[in-house]
Student: 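Pasting in a structure now, in structure tokens, and then I'll have a few things to ask.
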Amino acid sequence: MTDANAQARQSLLDAIAREVAATSDYLGKDQLSPAVIAALNRVPRHEFVPDDLRHLAYQNRPLSIGQGQTISQPYIVAIMTELAALTPQSHVLEIGTGCGYQAAVLAEIAETVVTVERIASLADDAKARLKRLGYGNITVIHGDGSRGWPAEAPYDAILVTAAAAKLPAALLEQLRPGGRMVIPLGRQDMTQSLVVMEKDAVTGAVRESCNLPVAFVPLLSGEE
Ligand code: SAH
């Protein structure tokens, strides 16, 4: 990490902190936990963006990564990670790997991360990048994540980084009782809501919260 990146990263963390404070009513807290801040600090976001956009890597905005897809806005990655309430023992499923940035942030905190991407070239690139950066606790899978990944279920947390018109039932089934799912729900042509689903440890009943307005690319079915 060069000094220039370290400085850019600190101002990015400041920008995220301001946006977290401004949206505290949705998040139920007005600041990120130290573990999430440390994770954001450790992941070199410039390694996840195309070369010609590297100078924008530490701005608080989503960027295009090709194939009509994006790397999520850092604030969104921060709050999705926060809302997942991870521990160092967490076994996490992410749907929508893209470039692998969110997966890397999750892997800084959790024990293991399984991430599923439907576009083969993105899955291959993310796998190579995460390996090169030394993330031995992430498994990248090429497949349709709307079916989840039953082979490694149940998960303590599930993050969906593409918007679903309705909640995929398979994902809720693969969430461990006591676990949390963070998912943007709503149609692509409308504002979507970032929803947190908590599955009760005893009764299995699901409680919804958050409902922050967001804009994500759509969760599509099938593979490419
Ligand atoms: N998590 C990424 C952002 C991903 S953008 C980050 O860290 O920046 C959403 C991704 O979801 C895209 O790459 C898209 O191809 C993928 N996607 C859409 N529908 C999917 C599905 N059914 N299964 C798996 N991936 C899907």
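As the structure lists them, so they are numbered: ligands from 1, and atoms in each ligand from 1. One is the number of the first residue; the rest follow in order along the sequence.
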Student: Classify the side-chain pair Glu117/Thr97 by whether it contains a donor and acceptor separated by less than 3.5 Å.
Tutor: no
Student: Less than 4.0 Å between a side-chain N and a carboxylate O, is that true for Arg54 and Asp51?
Tutor: yes
Student: Mark up the atoms of ligand 1 that fall under 4.0 Å of a heavy atom belonging to Val217, in ascending order.
Tutor: 5 (S), 9 (C)
Student: For Ala104, is the nearest heavy atom under 4.0 Å from an atom of ligand 1?
Tutor: no
Student: Which protein heavy atom lies closest to atom 5 (S) of ligand 1, and at what distance to 0.1 Å?
Tutor: Thr70 O, 3.5 Å
Student: Say whether Gly222 and ligand 1 are in contact under the criterion: heavy-atom distance to a ligand atom below 4.0 Å.
Tutor: no
Student: Would you indicate which of Gln69, Gln102, Glu117, Arg118 comes nearest to atom 16 (C) of ligand 1 when only heavy atoms are counted?
Tutor: Glu117
Student: For atom 18 (C) of ligand 1, which protein heavy atom lies nearest, and how many Å away is it?
Tutor: Pro218 O, 3.5 Å
Student: Does the side chain of Glu108 come under 3.5 Å of the side chain of Tyr135 through a donor N or O and an acceptor N or O?
Tutor: yes
Student: So Ser72 and Val77, do their side chains get closer than 4.5 Å, heavy atoms only?
Tutor: yes
Student: Side chain or backbone of Leu219 under 4.0 Å from ligand 1, or both, or neither, by non-hydrogen atoms?
Tutor: both
Student: Which is it for Val77 and ligand 1 at heavy atoms under 4.0 Å: side chain, backbone, both or neither?
Tutor: neither
Student: Can you tell whether the side chains of Arg129 and Glu47 come within less than 4.0 Å, N to carboxylate O?
Tutor: no
Student: Under 4.0 Å from ligand 1, counting heavy atoms only, is it the side chain of Ile71, its backbone, both or neither?
Tutor: both
Student: Using a cut-off of 6.0 Å, state whether more than 12 heavy atoms not belonging to Lys199 lie near its atom NZ.
Tutor: yes
Student: Is the closest side-chain heavy-atom distance between Phe48 and Val43 below 4.5 Å?
Tutor: yes
Student: I'd like to check whether Gly145 has a polar contact with ligand 1, where a contact means an N/O of the residue lying under 3.5 Å from an N/O of the ligand.
Tutor: yes
Student: Which protein heavy atom lies closest to atom 19 (N) of ligand 1, and at what distance to 0.1 Å?
Tutor: Leu220 N, 2.9 Å
Student: Enumerate, atom names and distances included, each donor-acceptor pair closer than 3.5 Å involving a side-chain atom of residues 147-158, sequence neighbours excluded.
Tutor:
residue	atom	partner	partner atom	Å
Tyr155	OH	Trp149	O	2.5
Asp156	OD1	Arg176	NE	2.7
Asp156	OD2	His91	N	2.8

Student: What atoms of ligand 1 come closer than 4.0 angstrom to any heavy atom of Tyr101?
Tutor: 7 (O)
Student: Within ligand 1, which atoms have a heavy atom of Ser146 less than 4.0 Å away?
Tutor: 22 (N)
Student: Looking only at protein heavy atoms, which one is nearest to atom 4 (C) of ligand 1, and what is the separation?
Tutor: Gly96 O, 3.4 Å
Student: Which atom names give the shortest non-hydrogen contact between Thr191 and Val214, and what distance separates them?
Tutor: CG2-O, 3.9 Å
Student: Under 4.0 Å from a heavy atom of Gly143: give me the atoms of ligand 1 that qualify, with their elements.
Tutor: 23 (N), 24 (C)
Student: For Glu94, state whether at least one heavy atom is located under 4.0 Å from any atom of ligand 1.
Tutor: yes
Student: Under a 4.0 angstrom heavy-atom cut-off, which atoms of ligand 1 come close to Leu122?
Tutor: 13 (O)
Student: Minimum distance, heavy atoms only, to atom 6 (C) of ligand 1: which one of Gly98, Ser72, Pro62 is it?
Tutor: Ser72
Student: May I ask you to test the Gln67-Ser121 pair for a side-chain heavy-atom distance under 4.5 Å?
Tutor: yes
Student: Is any side-chain heavy atom of Glu111 closer than 4.5 Å to a side-chain heavy atom of Asn137?
Tutor: no
Student: Which atoms of ligand 1 have any heavy atom of Ile119 under 4.0 Å away?
Tutor: 15 (O)
Student: Test Ile95 against every option in Thr115, Leu171, Thr161 by the side-chain contact (heavy atoms from CB on, under 4.5 Å) rule and name the one that passes.
Tutor: Leu171
